[in-house]
Amino acid sequence: MEQQQANDVACLLFPKSGELPSEELQASVRLALKQLVIGVEGGIRPPAHPTESASWDTLTKSGLLRDTALIDFCIARVAENRIRKTLQPCLADVRAQLPARLLHDPNPVVSESARAVLIADSLAQNFDPEALMMQIPGEILHPLAWRTVAVLSTLDDRGMAQPRDAYVKACNRMLSARNEGRSLQASAAKLAYFLPEGMWDELSDPRTAGLPMFIAGLTKKCGLGADMLYRFIDSGNIAAFLTVLRACGYGADDAAELVRCLRGDQPASVEQAGLWEGYDAVTAEASLNQCLAWSAQSAMTGGPI
């Protein structure tokens with residue numbers, strides 16, 4: 001399902017026949033890809049211009065960016081960005097959200113984790129190279145980085161191209177200096193892990209927990225990764241997200257309110273589509289089993305489902 005969407009976007013951008021995604025998604029994924037390439041180049045050599053990429057044209061024309069995992073990462077960031085914008089009118093003031101309230105927790109692990117979430121969340125709201133580079137997992141970044149090195153080392157940038165060894169050393173330094181524990185997902189997962197048991201319910205409402213902590217709470221309960229959850233929420237088909245909410249114990253009324261806040265859908269329109277039919281009749285256990293099956297499938301295929 002979600003893997004097919006990633007494949008379709010990759011096929012369109014690079015190009016190949018397939019079911020076409022929306023023009024908005026195409027443009028947003030292309031922007032995310034270019035921002036990542038700019039971020040990689042910036043870590044390898046000083047850019048000639050902070051908003052331009054020397055290797056972009058070659059990478060796209062050669063098909064070196066035709067990577068399902070990379071495209072899927074970009075789709076998830078686009079989904080996250082859209083969800084943030086939809087949720088914004090419903091959000092409590094940042095000072096009233098869970099991470100801010102935990103800044104002065106007596107447990108230093110909790111307070112430091114809360115501070116890390118606030119810093120990472122502030123950065124992640126920018127759809128720019130720095131934010132995307134902080135979020136991208138190492139297993140996706142490494143192939144992108146070395147492909148970029150290969151392109152840069154073959155370009156004659158007006159006679160200023162560096163020797164290949166210089167690019168290789170710079171790339172190794174960039175990759176070894178990364179700390180994936182600083183990413184928003186890792187920071188939120190750490191805070192959710194160390195959150196006192198009596199506060200777990202605080203994760204159930206994105207308006208007061210904040211979106212990253214709400215997602216971390218869902219992950220804690222259903223076992224699905226954050227990027228998969230972002231795609232489920234933003235998907236045109238709401239069925240998978242409703243399965244997640246049922247697995248996490250939300251009743252129909254609470255689920256309808258979350259749908260409204262995170263997707264902008266009016267509960268009435270969802271009801272008219274018949275999507276709430278039998279929601280409470282499906283057990284949380286059956287829904288959780290489905291989530292675990294999705295998680296296992298994703299782990300086996302090494303990518304989205």
Please name the pair of heavy atoms, one in Ser295 and one in Leu224, separated by the smallest distance, quoted to 0.1 Å.
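In this case the closest contact between Ser295 and Leu224 is N-CD2, 3.7 Å.
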I need the minimum non-hydrogen distance between Ala145 and Val40, along with the two atoms involved.
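For Ala145 versus Val40, the nearest heavy atoms are CA-CG1, 3.8 Å.
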Does any N or O in the side chain of Trp200 come within less than 3.5 Å of the main-chain N or O of Leu195, such that one atom is a donor and the other an acceptor?
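Indeed, once roles are kept as given, a pair shorter than 3.5 Å links the two residues.
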Taking Asp234 for the side chain and Tyr230 for the main chain, is one N or O donor matched with an acceptor at less than 3.5 Å?
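It does not hold such a pair.
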Taking salt bridge (Lys or Arg N to Asp or Glu O under 4.0 Å) as the test, write out the residues that go with Arg178, two or more places apart.
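Residues passing salt bridge (Lys or Arg N to Asp or Glu O under 4.0 Å) with Arg178: Glu180.
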Got a sec, which residues hit salt bridge (Lys or Arg N to Asp or Glu O under 4.0 Å) with Arg77, two or more places apart in sequence or on another chain?
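Arg77 satisfies salt bridge (Lys or Arg N to Asp or Glu O under 4.0 Å) with Glu80, Asp227 only.
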Is it true that Glu112 and Arg115 have a side-chain N and a carboxylate O under 4.0 angstrom from each other?
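Answer for the salt bridge query: no.
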Grouping I, L, V, M, F, W and Y whenever their side-chain heavy atoms are under 4.5 Å apart, do Val109 and Leu191 come out in a common cluster?
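Linked within one cluster.
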Decide whether Val94 and Phe214 are clustered together by the hydrophobic rule: side chain heavy atoms of Ile, Leu, Val, Met, Phe, Trp, Tyr closer than 4.5 Å, transitively.
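Different clusters.
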Show me the donor-acceptor pairs within less than 3.5 Å that the side chains of residues 122-133 make with the rest of the protein, sequence neighbours left out.
residue	atom	partner	partner atom	Å
Gln125	NE2	Asp121	O	3.4
Asp128	OD1	Glu130	N	3.4
Asp128	OD1	Ala131	N	2.9

At what distance, to the nearest 0.5 angstrom, does CG of Leu64 lie from CG of Leu70?
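Taking CG in Leu64 and CG in Leu70, the distance rounds to 11.0 Å.
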When rounded to the nearest 0.5 angstrom, what distance separates SG in Cys222 from CZ in Arg246?
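Taking SG in Cys222 and CZ in Arg246, the distance rounds to 14.0 Å.
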Do the side-chain N and O atoms of Gln97 and Thr208 include a donor-acceptor pair separated by under 3.5 angstrom?
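Their side chains do not contain a donor-acceptor pair, so the 3.5 Å distance test is not met.
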